[in-house]
> 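After the structure tokens below, expect a handful of questions from me.
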Amino acid sequence: MIESLLVANRGEIARRIIRTGRRLGIRTIAVHSEADGALPFVTEADEAVCVGPANPAQSYRNVEAILDAARSTGAQAIHPGYGFLSENADFARTVEGAGLIWVGPGADAISAMGDKINARNLMAAAGVPVAPGTTEPASDLDAAVAAAAEIGYPVMVKAAAGGGGMGMGVAADEAALRTEYDKVRAFAERMFGDGSVLIERYFPRVRHVEVQILGLADGRVVALGERECSVQRRNQKLVEESPSPAVSPELRERFLAAAVRAGEAVSYRNAGTVECLLDPSTQEFFFLEMNTRLQVEHPVTEYVYGVDLVEEQLRVASGLAPTFDPDALTPRGHAIELRINAEDPRRFLPGPGAITTWNEPSGTGVRVDSGYVAGNTVTPFYDSLMAKLILTGATREEAVERARAAVAQFEIVGPKCNLPFFAELLENPEFLSGDYDTGIVSRMR
């Protein structure tokens, strides 16, 4: 097993990785920006190194500063968490080139799945269903208009190098496409340094369902069930649950088989997620993208399958067998995750600020993965996620009931907070029925 681990991230995910590392007897090293020096992940690590100013480009995305921190502390491995450099193939190659262990998939797999058009084409060749769309970038507006006419409106306009719900637009007709194409292209060039755009079919009523995969050290790829991620704002997730209330045993078998084929197509190692769109009217699903990293919502899978996914990541990176029997994976119970963000609960606009009160709920079936405590400040420099509230139970109904109680108990004063939104959602008949889709939040607003 790896003996020393540098966590190239911040907040709740850094704290969560450090927790597993310490349980396994691994020396943990945190890197942090000047703005984050007082956060819990810094004090809970065995060592901590400041890698630069608040600006992520000068700290959490500063490759040389992170590698210098690894060298100076004698780190053996680097875990990137999610976001920042986690899906940067060049960073993965640089880490391994420096003689360190990269706790993630190989750089070639990251590269292959990082471009949405290339990923779509690879998946289609592997027999994974893909939605109707372009097989190469729409080189200009005329090419986009021609592609949309062939696919049929409405269409989704997407940044080929995007991710995390960013760089997307919907066009119901040619006039809207002309506006969205220019908007998405400009955004993609600014955010990702790549203005390539793809066009694909847009499904007005669709569910977002993903499958957790794990590429083992012996070369096998296994699937650890699915997660429902359809409660979203601006194409970004707010709630995840496992198992999905929309997935029957027969559909689950098809989902998991397709996800394993997707991983095998790129010789996948370590943790990853195959994201799909599910048409509830036809029970057809289509590949959306593969996230070549640990997901924010991994705790719901951990509960349902009884594994610690960070430990499994570390075991794969160390060349060790998993703690579970890959041929006897059996789900149990139900889990729901609520993303507690520093944002307005109606318009979902960021609302950073100093935390004067932070009281977490507790009890049976309640887990809180948090990045802050009272006295910390949520700054405007990073994602608004403050904590993840994970509720579990023998049934979905039990998990929902625990979610209601936990939301009522969770007290955060200082920054804006979306807890009132969750209190509303947990009484929403559509959500409670399990028969909801990605438009549920817009219908609530």
> Please step through side-chain contact (heavy atoms from CB on, under 4.5 Å) for the pair V157 and Y202, ending with a clear verdict.
CA-CA 9 Å; V157 186; Y202 173 72; over 6 Å; no
> Stepwise, does the salt bridge (Lys or Arg N to Asp or Glu O under 4.0 Å) test hold for D108 with R93?
CA-CA 9 Å; D108 289 346; R93 292 189 183 97; 3.2 Å; yes
> Any ion pair linking K116 and E200 (charged N to carboxylate O, less than 4.0 Å)?
no
> Under a 4.0 Å threshold between the charged nitrogen and the carboxylate oxygen, would D437 count as salt-bridged to R205?
yes
> When you measure from the centre of the six-membered ring of F421, is the NZ or CZ of R346 under 6.0 Å away and within 45° of the axis?
no
> Going by atom types alone, do Y60 and D36 pair a side-chain donor with an acceptor below 3.5 Å?
yes
> Run M156 and L277 through side-chain contact (heavy atoms from CB on, under 4.5 Å) and show every step you take.
CA-CA 13 Å; M156 177 73 82; L277 298 178; over 6 Å; no
> Does R332 make a cation-pi contact with Y303, if we ask for NZ or CZ under 6.0 Å from the ring centre and within 45° of the axis?
yes
> With a distance cut-off below 6.0 Å to the six-membered ring centre and an angular limit of 45° from the axis, does R22 pair with F41 as a cation-pi contact?
no
> Go through the structure and list residues passing side-chain hydrogen bond (donor to acceptor under 3.5 Å, both in side chains) with N428, not counting sequence neighbours.
none
> What's the verdict on salt bridge (Lys or Arg N to Asp or Glu O under 4.0 Å) for E275 and K237, showing C-alpha distance, side-chain angles and the deciding distance?
CA-CA 12 Å; E275 304 210 13; K237 304 164 189 171; 3.2 Å; yes
> Please determine which of R227, R16, Q313 meets the side chain to side chain donor-acceptor pair (under 3.5 Å) test together with H298.
R16
> When rounded to the nearest 0.5 angstrom, what distance separates CD1 in I340 from CG in L238?
9.5 Å
> Looking at D90, is its backbone amide N or carbonyl O close enough to the side chain of N88 to form a donor-acceptor pair, meaning the two atoms are under 3.5 Å apart?
yes
> Could you tell me how the ring of F286 sits relative to the ring of F203: parallel (under 30°), tilted (30 to 60°) or perpendicular (over 60°)?
parallel
> Let me confirm one number: the CZ-CG distance from F91 to L67, rounded to the nearest 0.5 Å.
5.5 Å
> Give a yes or no answer on whether the side chain of S230 reaches the backbone of H208 with a donor-acceptor pair at less than 3.5 Å.
yes
> Write down the atom of G74, the atom of R27, and the distance for their closest heavy-atom approach.
O-NH2, 3.4 Å
> Kindly compute the distance separating OG (S4) from CD1 (I101), expressed to the nearest 0.5 Å.
8.5 Å
